[in-house]
Peer 1: 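Have a look at the structure that comes next, please.
This is a predicted model, so every value here is computed, not measured. The figures here come from the full heavy-atom set of this structure, side chains too, leaving out hydrogens, waters and symmetry mates.
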Amino acid sequence: MFIRRESFSEYLRFYPVVSTLIAINVLIHILSWIPLLGLYIFNYGVGANFLIAEGEWWRFITPMFLHGGMMHLLFNMFSLFLFGPELERLTGKVRFITVYALSGIFATIATYFLQPPSYLHVGASGAIFGVFGAYGALLYYGGRALPQLRQILLPILVISVIMTFLTPNVNATAHIAGLITGFIIGLGFFHPKRIVSWRK
């Protein structure tokens with residue numbers, strides 16, 4: 001389920017949304033290395049609560065495409081590379097974008113309301129946790145019928161939540177908010193009646 005055996009060209013063809021998101025994040029990170037331009041991108045994209053309060057609403061979205069370093073980028077993009085394709089295949093392009101984007105936005109909104117005004121944050125992890133949350137909804141409806149799926153996904157979800165609180169400098173608010181948002185959206189997408197309607 002989460003073992004990628006596709007060639008590079010097959011991956012791009014089968015999972016265009018995941019591929020595009022990875023490409024955008026990598027491109028923006030490369031641009032951030034350029035003197036002056038990189039500083040401009042970071043300063044105008046970072047999730048800064050006090051600037052959001054002053055009306056810079058785009059910062060609810062832009063932090064999803066910025067990362068604090070190469071390891072931060074690699075960890076998030078590897079997670080998206082590994083776990084995104086199956087959800088894109090199960091839900092389709094538009095539904096996947098909905099899960100990813102809304103989870104990331106609500107992660108930033110939660111950070112804005114629950115963290116102090118001086119709080120700064122970047123990273124796609126809130127959106128990626130939304131992907132995990134959508135899988136959680138799939139487990140909610142089909143875990144007993146699909147025991148193998150449960151054996152794979154449940155440990156991933158539990159470990160991800162535990163590591164959120166054990167790893168330093170992690171925006172736990174964004175992780176949990178993204179997870180909850182993805183789960184709620186997934187409950188709608190994976191409801192048995194709705195899945196039947198997809199197949200008609």
Side-chain angles (χ1 to χ4, degrees), residues 1-34 37-38 41-42 44-47 58-108 121-139 149 152-153 156-157 159-160 163 170-171 174-175 177-179 181-186 188-190 194-195 198-199:
M1 185 177 189
F2 299 123
I3 299 175
R4 305 267 56 93
R5 295 189 175 93
E6 305 90 355
S7 67
F8 180 71
S9 60
E10 287 174 338
Y11 190 96
L12 295 178
R13 187 169 71 253
F14 295 158
Y15 317 117
V17 176
V18 171
S19 300
T20 300
L21 288 170
I22 293 173
I24 291 172
N25 277 275
V26 171
L27 176 61
I28 290 175
H29 194 72
I30 291 173
L31 292 175
S32 73
W33 295 341
I34 300 174
L37 176 62
I41 290 172
F42 191 86
Y44 280 87
V46 64
W58 67 83
R59 295 179 190 271
F60 281 128
I61 299 172
T62 52
M64 297 163 53
F65 299 98
L66 295 174
H67 289 84
M70 179 58 74
M71 291 307 298
H72 190 201
L73 174 74
L74 289 177
F75 183 81
N76 278 343
M77 292 305 99
F78 180 73
S79 298
L80 183 57
F81 169 84
L82 199 61
F83 300 112
E86 189 66 17
L87 189 65
E88 182 175 346
R89 185 187 70 82
L90 289 170
T91 62
K93 299 178 184 66
V94 174
R95 294 184 183 93
F96 181 85
I97 293 172
T98 301
V99 170
Y100 188 90
L102 289 183
S103 297
I105 291 170
F106 276 98
T108 307
H121 65 98
V122 292
S125 52
I128 293 169
F129 265 75
V131 172
F132 292 155
Y135 281 126
L138 182 61
L139 278 181
L149 179 69
I152 296 171
L153 282 177
I156 292 172
L157 292 172
I159 291 171
S160 297
M163 291 305 297
V170 166
N171 185 355
H175 285 197
L179 186 73
T181 302
F183 180 75
I184 292 172
I185 296 171
F189 285 167
F190 291 123
R194 177 158 294 191
I195 290 178
W198 294 358
R199 296 173 178 171

Peer 1: Above 12 or not: heavy atoms from other molecules or residues under 6.0 Å from CZ of F83?
Peer 2: yes

Peer 1: Restricting to pairs with a member in residues 58-77, which pass salt bridge (charged side-chain N to carboxylate O under 4.0 Å, His left out), not counting sequence neighbours?
Peer 2: E56-R59

Peer 1: For H121 and T108, work out which heavy atoms get closest and say how close.
Peer 2: CE1-CG2, 3.6 Å

Peer 1: Are the side chains of I185 and L102 in contact, using a 4.5 Å heavy-atom criterion?
Peer 2: yes

Peer 1: For the residue pair V18 and F81, establish whether any side-chain heavy-atom pair is separated by less than 4.5 Å.
Peer 2: no

Peer 1: Could you grab the distance from atom CG of L90 to atom OH of Y135, nearest 0.5 Å is fine?
Peer 2: 6.5 Å

Peer 1: Donor-acceptor pair, distance only, cut-off 3.5 Å: does the side chain of Y11 make one with the backbone of S19?
Peer 2: no

Peer 1: Distance from M71 atom CE to N76 atom CG, nearest 0.5 Å?
Peer 2: 11.0 Å

Peer 1: Would a 4.5 Å heavy-atom cut-off, applied to side chains only, mark Y100 and I128 as touching?
Peer 2: yes

Peer 1: Can you see which heavy atom on M77 is nearest to which on I22, and at what distance?
Peer 2: SD-CA, 3.8 Å

Peer 1: Looking at G182 and V99, what are the two nearest heavy atoms and their distance?
Peer 2: CA-CG1, 4.4 Å

Peer 1: With no hydrogens and no angle check, is any side-chain donor or acceptor of T181 less than 3.5 Å from a backbone partner on S103?
Peer 2: no

Peer 1: Which residues pass the side chain to side chain donor-acceptor pair (under 3.5 Å) test with S125, not counting sequence neighbours?
Peer 2: H175

Peer 1: So, do H67 and F75 sit near enough that their side-chain heavy atoms are less than 4.5 Å apart?
Peer 2: no

Peer 1: Given side-chain contact (heavy atoms from CB on, under 4.5 Å), test L138 with F189 step by step and report yes or no.
Peer 2: CA-CA 9 Å; L138 182 61; F189 285 167; over 6 Å; no

Peer 1: Search all heavy atoms of G84 against all heavy atoms of F96 and return the closest pair with its distance.
Peer 2: O-CE1, 3.5 Å

Peer 1: CG/L27 to CG/L31 distance, rounded to the nearest 0.5 angstrom?
Peer 2: 4.5 Å

Peer 1: Please name the pair of heavy atoms, one in A127 and one in M64, separated by the smallest distance, quoted to 0.1 Å.
Peer 2: CB-CE, 4.3 Å

Peer 1: Is there a side-chain contact between L66 and I28 in this structure, where contact means two heavy atoms from C-beta onward sitting under 4.5 Å apart?
Peer 2: yes

Peer 1: Which pair of heavy atoms, one from S32 and one from I41, lies closest together, and at what distance?
Peer 2: N-CD1, 4.4 Å

Peer 1: For L139 and L157: C-alpha separation, side-chain torsions, deciding distance, then whether side-chain contact (heavy atoms from CB on, under 4.5 Å) applies.
Peer 2: CA-CA 11 Å; L139 278 181; L157 292 172; 3.8 Å; yes

Peer 1: Does T62 form a side-chain contact (heavy atoms from CB on, under 4.5 Å) with Y44? I'd like the steps, not just the answer.
Peer 2: CA-CA 8 Å; T62 52; Y44 280 87; over 6 Å; no

Peer 1: So with a 6.0 Å cut-off around CZ of F14, is the heavy-atom count from everything else above 12?
Peer 2: yes

Peer 1: Please report the interatomic distance CD1(I30) to CG(N25), rounded to the nearest 0.5 Å.
Peer 2: 11.0 Å

Peer 1: Tell me whether the centres of the aromatic rings in F129 and F132 are closer together than 6.0 Å.
Peer 2: yes

Peer 1: To the nearest 0.5 Å, what is the distance between CD1 (I97) and OG1 (T91)?
Peer 2: 9.5 Å

Peer 1: Stepwise, does the side-chain contact (heavy atoms from CB on, under 4.5 Å) test hold for H29 with M70?
Peer 2: CA-CA 8 Å; H29 194 72; M70 179 58 74; 4.2 Å; yes

